[in-house]
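In what follows, a structure is listed as structure tokens, so that the remarks can point back to it.
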Amino acid sequence: MSQLAVVILAAGQGTRMRSAQPKVLHPLAGMPMLEHVVGTATTLNPQSVHVVYGHGGEQVQQQLDHLEVNWVLQAEQLGTGHAVEQALPALQSEAMVLVLYGDVPLIQSETLNLLLQAASGSDFALLTVSLDNPTGYGRIVRDPAGNIARIVEQKDASPDELQLNEINTGIMALSAERLRGWISAIENNNAQGEFYLTDIVEMAVNEGVSVQAVNAPSETEVQGINDRIQLATLERVYQRQQAEQLMREGATLIDPARFDLRGQLTTGRDVVIDINAIFEGDVTLEEGVTIGSNCFIRNATIAANTEILPNTVIDSAEIGPDCRVGPFARIRPETRLVGGNHVGNFVEIKKSEVDRGSKVNHLSYVGDSTIGARVNVGAGVITCNYDGANKHRTIIGDDAFIGSDTQLVAPVEVEAGATIGAGSTIVKTAPAGELTLSRAKQLTLKGWKRPQKEKK
Ligand code: UD1
Ligand code: CA
């Protein structure tokens, strides 16, 4: 095929979103809808991608600065034809141009490839779809032989034309050279006073170009987002697609309707994900991992056969194999559980390494720590890692036992095999193999009586 240039229209205001944010920045599955379209365009290996922006332009460009696209300003929104015209100077004449929309995020590469194929044979192909209720859309008008003759917009259509069910999705592929000629001839003498891109269809036909129609395989693929209701509808469609893909790959989702993936999820065989789990960023669940209900997991790897119990939050951490984490645990960035670990309810672990077989089962804070293998951290143990200015490390050797309600005031070390008595405040090294404790002596006041209320 000749080289491909993609033009994505994204200058519309999006009034019906009722938002301070430009419409195309509203996220679908955690990513701006425009970025979905750019991502799909990129899979077609285009020579160039041009985004026509307008409303909230700086915001759009700033937030999507990482995208390798050519930003084209449309200062005033005078219609889709005018929008495409802004990109023309950047297009090479021998290119095939594909027109996409920043607010039509679920379009698939397979469909676009079919469209490009159709256009390579005839110079012009349109993606159309037939709708039970075509109200609002441009209608495809065909000649008696069934060939495309022109497109008429809803507001310009005759009563007969309004009966037509085949609509223009707006997505089209055509030769840049021909586009250049047709665009310059578009006028705005129509009901909306806009420069309609759709007018080029009739021009093409008049020049003897046969405009090919490719049927979109589904309505949702070509559905535009105008308001937050449509955004939510397409969010669920997209989540369903992702869920089905994961199930095909061998993961069990207890309820695919209550599953959210905002990023990439890689699953091994026999992963089981209970309801209302949310995955963000890059997450890997190895074979046999189970995720309980209401978990939030971001940028994490969870190794084979680990069980994450309900209501657990894991962010930017590495969880080894055969662990049991939660319920109600919070694993924060730069944490590594090596394997066979138990982390229980109301335990927070941050920037710490916990070696094989060690357990932190109840109500603890472990921060900036290195914990050896087979350590038992009792209930309510706190690493006091922050002195108000700096963070300090706590080091706990293999086989240590930290009694409940201990404060480890960092920097501090508990050596291998050491035992710390419950309720201790440890401020210096606890030597290997010994019992260390700091505790006020228990005393009993013999015969002491509780005060009594005075009787009236
Ligand atoms: C357009 C089509 C219509 C089609 C429908 C599909 C035209 C004239 N009509 O109508 O046939 O059925 O899409 O949804 O093309 N945009 C710009 N700059 C502008 C105007 C629009 O970037 O000056 C962008 C918008 O951001 C939007 C897209 O182009 O993403 C479509 O514009 P919109 O005004 O919504 O066109 P429709 O009236 O829906
Ligand atoms: Ca529209």
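Order of appearance sets the numbers: ligands from 1, and atoms from 1 within every ligand. Values below: every heavy atom of this structure, side chains too, minus hydrogens, waters and symmetry copies.
- In this structure, L34 CG and L64 CG are separated by 5.5 Å, a value rounded to the nearest 0.5 Å.
- Ligand 1 has no nitrogen or oxygen under 3.5 angstrom from a nitrogen or oxygen of I167.
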Pair V84-I200, side chain to side chain contact (heavy atoms under 4.5 Å, CB included): steps then yes or no: CA-CA 12 Å; V84 170; I200 67 175; over 6 Å; no
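- Numbered from 1 in the order shown, with element, the atoms of ligand 1 that lie under 4.0 Å from a heavy atom of Y196 read 8 (C).
- Applying the side chain to side chain donor-acceptor pair (under 3.5 Å) test to residues at least two apart or on different chains, the pairs with a partner in residues 26-36 are S19-H26, E35-H66.
- Close contacts of ligand 1 with A10, meaning ligand atoms under 4.0 Å from a residue heavy atom, involve 22 (O).
- Distances from atom 15 (O) of ligand 1 to the heavy atoms of I225, T80, L34 put T80 nearest.
- Considering backbone and side-chain N/O atoms, G12 comes within less than 3.5 Å of an N/O atom of ligand 1.
- Proximity of T169 to ligand 1, defined as any heavy-atom pair under 4.0 Å, is confined to the backbone N, CA, C and O atoms.
- Taking 4.0 Å as the cut-off, G224 does not count as a neighbour of ligand 1 on heavy-atom distance.
- Between the side chains of N70 and H50, at least one donor-acceptor pair of N or O atoms lies under 3.5 Å.
- Polar contact check, G79 against ligand 1: a nitrogen or oxygen pair lies under 3.5 Å apart.
- For ligand 1, the polar-atom distance check finds an N/O of N168 within less than 3.5 Å of one of the ligand's N/O atoms.
- Residue-to-ligand polar distances keep T198 apart from ligand 1: every N/O pair is separated by 3.5 Å or more.
- Ion pairing between R324 and E307 fails under the 4.0 Å rule for side-chain N and carboxylate O.
- Ligand 1 lies out of reach of G102, whose nearest heavy atom is not under 4.0 Å from it.
- Salt-bridge formation is not detected for the pair D355/R336: no Lys NZ or Arg NE/NH1/NH2 atom is positioned less than 4.0 Å from an Asp or Glu carboxylate oxygen.
- Remark: ligand 1 atoms within the under-4.0 Å shell around heavy atoms of A83 are 17 (C), 18 (N), 22 (O).
- For atom 27 (C) of ligand 1, the candidate residues are D103, V72, V201, V37; the nearest heavy-atom contact is made by D103.
- Of the listed residues (D368, T335, T383), just one forms a side chain to side chain donor-acceptor pair (under 3.5 Å) with K350, and that residue is D368.
- Ligand 1 has no N or O atom lying under 3.5 Å from any N or O atom of Y137, backbone or side chain.
- For E153, the heavy-atom gap to ligand 1 drops under 4.0 angstrom.
- If you look at Q74 next to ligand 1, the close heavy atoms, those under 4.0 Å, all belong to the side chain.
- When non-hydrogen atoms are compared, ligand 1 lies under 4.0 Å from the backbone of L78 (N, CA, C, O) but not from its side chain.
- The side chain to side chain donor-acceptor pair (under 3.5 Å) with Q245 is formed by just one residue from the set E249, Q241, Q242; it is E249.
- Applying the ring-ring contact (aromatic ring centres under 6.0 Å, His included) test to Y53 and every residue at least two apart in sequence or in another chain returns W71.
- Within ligand 1, the atoms closer than 4.0 Å to a non-hydrogen atom of G138 are 3 (C), 4 (C), 11 (O), 12 (O), numbered from 1 in the order shown.
- With rounding to the nearest 0.5 Å, the separation of CD in Q154 from OH in Y137 is 11.0 Å.
- Within a 6.0 Å radius of CD in E177, no more than 12 heavy atoms belonging to other residues, nucleotides or ligands are found.
- Between E76 and ligand 1, no pair of N/O atoms sits closer than 3.5 Å.
- For the atom pair CD (E334) and CG (D315), the distance works out to 10.5 Å, reported to the nearest 0.5 Å.
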